[in-house]
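Beneath this line is the structure, given in C-alpha cells, with notes to follow.
These figures come from a predicted structure and were not determined experimentally.
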Amino acid sequence: MASISAPGSTPAPRVRIHPDALSRGRVALILSLTVFLALAVYYFVGVDQGMTSLFGHNMMIHEFVHDSRHFLGFPCH
C-alpha cells in the first residue's frame with residue numbers, strides 16, 4: 001500500500017509496538033488502576049450523600065458533584 005505525501009516532505013516513520021509494552025503485568029496494572037478510578041468516581045458521584053459518607057458527615061463532596069448527579073440520573077433528594 002503506497003502512501004501519498006506532499007512534494008518536498010518526508011514520509012512519516014512507521015511506528016511499531018514492542019511486545020514488552022503490552023506485557024501481562026502492565027495490562028493488569030493499567031486495568032486495575034482504571035477499575036479503581038472508575039469505582040472511585042462512581043462512589044463520589046453516585047453514592048456519597050453526606051450522611052452516609054465514608055469521609056465524614058459533611059455535604060462538601062455531594063454539593064461539588066450535585067449537578068453531575070442530576071445530569072447522570074442519580075437521585076439525591
Side-chain angles (χ1 to χ4, degrees):
M1 184 163 135
S3 62
I4 300 173
S5 61
S9 67
T10 59
R14 298 189 78 164
V15 178
R16 296 191 185 262
I17 297 175
H18 195 271
D20 291 337
L22 297 175
S23 65
R24 289 181 191 251
R26 184 169 294 204
V27 169
L29 176 67
I30 292 171
L31 182 62
S32 61
L33 287 173
T34 303
V35 168
F36 174 75
L37 289 175
L39 288 174
V41 168
Y42 177 77
Y43 171 77
F44 285 120
V45 173
V47 179
D48 188 76
Q49 290 281 349
M51 291 293 287
T52 59
S53 177
L54 295 176
F55 301 102
H57 296 292
N58 60 18
M59 297 291 286
M60 187 174 88
I61 295 171
H62 176 81
E63 292 300 326
F64 184 72
V65 296
H66 186 87
D67 292 336
S68 62
R69 291 175 65 89
H70 289 294
F71 179 74
L72 295 171
F74 288 102
C76 66
H77 51 85

Please list every donor-acceptor pair under 3.5 Å in which a side-chain atom of residues 28-40 meets a protein atom from a residue at least two apart or in another chain.
| unit_1 | atom_1 | unit_2 | atom_2 | d |
| --- | --- | --- | --- | --- |
| Ser32 | OG | Ala28 | O | 3.0 |
| Ser32 | OG | Leu29 | O | 2.9 |
| Thr34 | OG1 | Ile30 | O | 2.7 |

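- Annotation: side-chain contact (heavy atoms from CB on, under 4.5 Å) contacts of Val65 (sequence neighbours excluded): Val45, Ser68, Arg69.
- Phe64 meets the ring pair (Phe, Tyr, Trp, His ring centres under 6.0 Å) test with no other residue; sequence neighbours excluded.
- The hydrophobic cluster around Val27 extends to none of the other residues, as no ILVMFWY side-chain heavy atom falls under 4.5 Å of it.
- Remark: Ser23 pairs with Arg26 by the side-chain contact (heavy atoms from CB on, under 4.5 Å) rule, at least two apart or across chains.
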